[in-house]
Every structure is written in C-alpha cells, then in structure tokens.
Amino acid sequence: NAGVTQTPKFRILKIGQSMTLQCTQDMNHNYMYWYRQDPGMGLKLIYYSVGAGITDKGEVPNGYNVSRSTTEDFPLRLELAAPSQTSVYFCASSPWTSGSLHEQYFGPGTRLTVT
Amino acid sequence: KQEVTQIPAALSVPEGENLVLNCSFTDSAIYNLQWFRQDPGKGLTSLLLIQSSQREQTSGRLNASLDKSSGRSTLYIAASQPGDSATYLCAVNAPDNQGGKLIFGQGTELSVKP
C-alpha cells in the first residue's frame with residue numbers, strides 16, 4: 001500500500017491564482033481530512049469528508065473548496081490565492097467504522113507559498 | 001472547546017537521557033490520543049495511539065500514558081538518541097460533529113545532543 005499520497009510536494013503561486021492540491025489514499029478509508037500547518041503551530045482542520053459525495057467544513061475553510069467523488073480521492077481547491085494561505089497542507093485518512101481505532105494516517109504534505 | 005497544550009515547547013538533552021514530553025487537554029471526552037513525530041520539512045509519522053479506555057501504550061523505547069480524568073498524557077522516551085531529534089505532536093480525537101477531527105498541540109521540539 002502507498003498509503004496517503006499528495007501532489008505536488010511544493011508550489012509557488014502568485015496572488016489571485018488558483019490551484020488544486022491532490023490527495024489519494026489506497027486503504028479504502030471512508031473518512032478523509034485536509035489540515036494546514038502554519039510555522040511553529042499545530043495542524044488545523046480545513047475540510048473533511050465522511051464518504052464519497054459528503055463533505056463538510058472544518059475550523060478554517062475560508063478560501064478553499066473540496067469534493068469527494070470517489071473513496072480514494074479528496075482534492076483541495078484554492079481559489080484566488082492569498083498570502084495568508086502560505087502554509088503546509090496535509091491530507092489524512094481514517095477508517096471510521098465500528099470497532100476501528102479511528103487512527104489517522106497522514107500524507108507527506110504540500111508546501112505552498114503565495115507571493 | 002477542546003484545547004491541547006504541550007509543554008515544553010523545546011527541549012535539549014544529552015544523548016542517553018530518559019525524557020518525558022507532556023500533553024494536556026481541556027475536555028476529557030475523547031475517543032483516543034495520538035502521538036506523532038515530525039522531522040523538519042516532512043510529514044507526520046504516527047508513533048502511538050492510546051484509546052480512551054487504555055492507560056498506556058508502548059512501542060520500543062517509547063511509552064505513552066493517558067490519564068483522561070486529569071486531561072493529561074505523557075510520552076516517555078528511554079535512552080534518547082540523536083536520531084530522536086524531531087518535533088513531537090500530540091493530538092486528541094474529538095467526538096464532536098466534525099468527523100472525528102484531530103485537535104493538535106503546538107508540539108515539543110526535541111534536540112538530542114551527541
């Protein structure tokens with residue numbers, strides 16, 4: 001299993017541009033998450049999904065959008081990039097079923113700079 | 001609102017020392033608590049997961065304890081090595097309406113000197 005994969009690893013955007021961060025998991029997990037990590041801080045939840053076709057906002061959703069058309073993929077869309085979105089973005093997945101430990105598995109992250 | 005705090009923010013120890021990292025949380029209603037390791041510029045590696053019904057978990061030189069009633073967890077690292085140098089994050093799994101999100105502390109940056 002590759003686990004959780006993210007692309008790209010690095011990206012520099014100009015203010016106002018848009019992009020999609022890709023996330024794929026091959027563990028058949030139903031729950032998926034997007035977090036951001038600012039320097040010296042813990043991670044904060046942007047959006048999450050409890051299954052294909054179902055998404056919801058986390059703590060810091062402004063400026064982002066998501067979709068979940070398949071179990072495997074959970075892309076994060078940035079529209080009109082702003083310097084405040086400079087961060088490291090982590091995708092995670094979790095098997096949220098009866099009897100599971102609800103452990104979350106993280107991808108390697110995408111470092112985004114908006115200038 | 002659940003909040004997670006890690007003390008100290010940074011720790012420097014000589015190689016071979018045993019050390020304890022602390023994590024506290026404000027709401028004892030949790031599913032589990034996870035400890036992660038993060039190397040500079042890298043992703044998160046899960047070290048240990050303690051379910052709310054458990055008191056501790058062990059993996060090699062690492063031992064994590066959980067005292068839910070007092071809102072505390074500790075990560076004990078025995079016989080520290082330079083390769084243990086990293087940032088250690090604890091996170092609690094919150095049974096709210098946000099899909100079991102993890103709430104993270106800010107991390108403890110550990111440096112083990114040879």
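The sequence lines fix the lettering, A, B, ..., with proteins before strands; numbering per chain opens at 1.
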For this session: Check whether the side chains of B:Ser65 and B:Thr74 place a donor and an acceptor atom closer than 3.5 Å, and report yes or no.
Result: yes
Seminar exercise, completed: Bottom line for A:Gln37: the part with an atom under 4.5 Å from chain B's heavy atoms is side chain
For this session: Sort B:Leu44 into side chain, backbone, both or neither according to what part of it lies under 4.5 angstrom from a heavy atom of chain A.
Result: both
Exercise. What part of A:Tyr35 is in contact with chain B, defined as an atom under 4.5 angstrom from a non-hydrogen atom: side chain, backbone, both or neither?
Worked result: side chain
Exercise. Do B:Asp67 and B:Ser69 have side-chain atoms, one donor and one acceptor, less than 3.5 Å apart?
Worked result: yes
Problem set entry | B:Glu109 portion near chain A, given a 4.5 angstrom heavy-atom threshold | neither
Problem set entry | Heavy atoms of other groups near B:Gln2 CD, more than 12 under 6.0 Å | yes
Exercise. Between the side chains of B:Ser24 and B:Arg72, does any donor sit under 3.5 Å from an acceptor?
Worked result: no
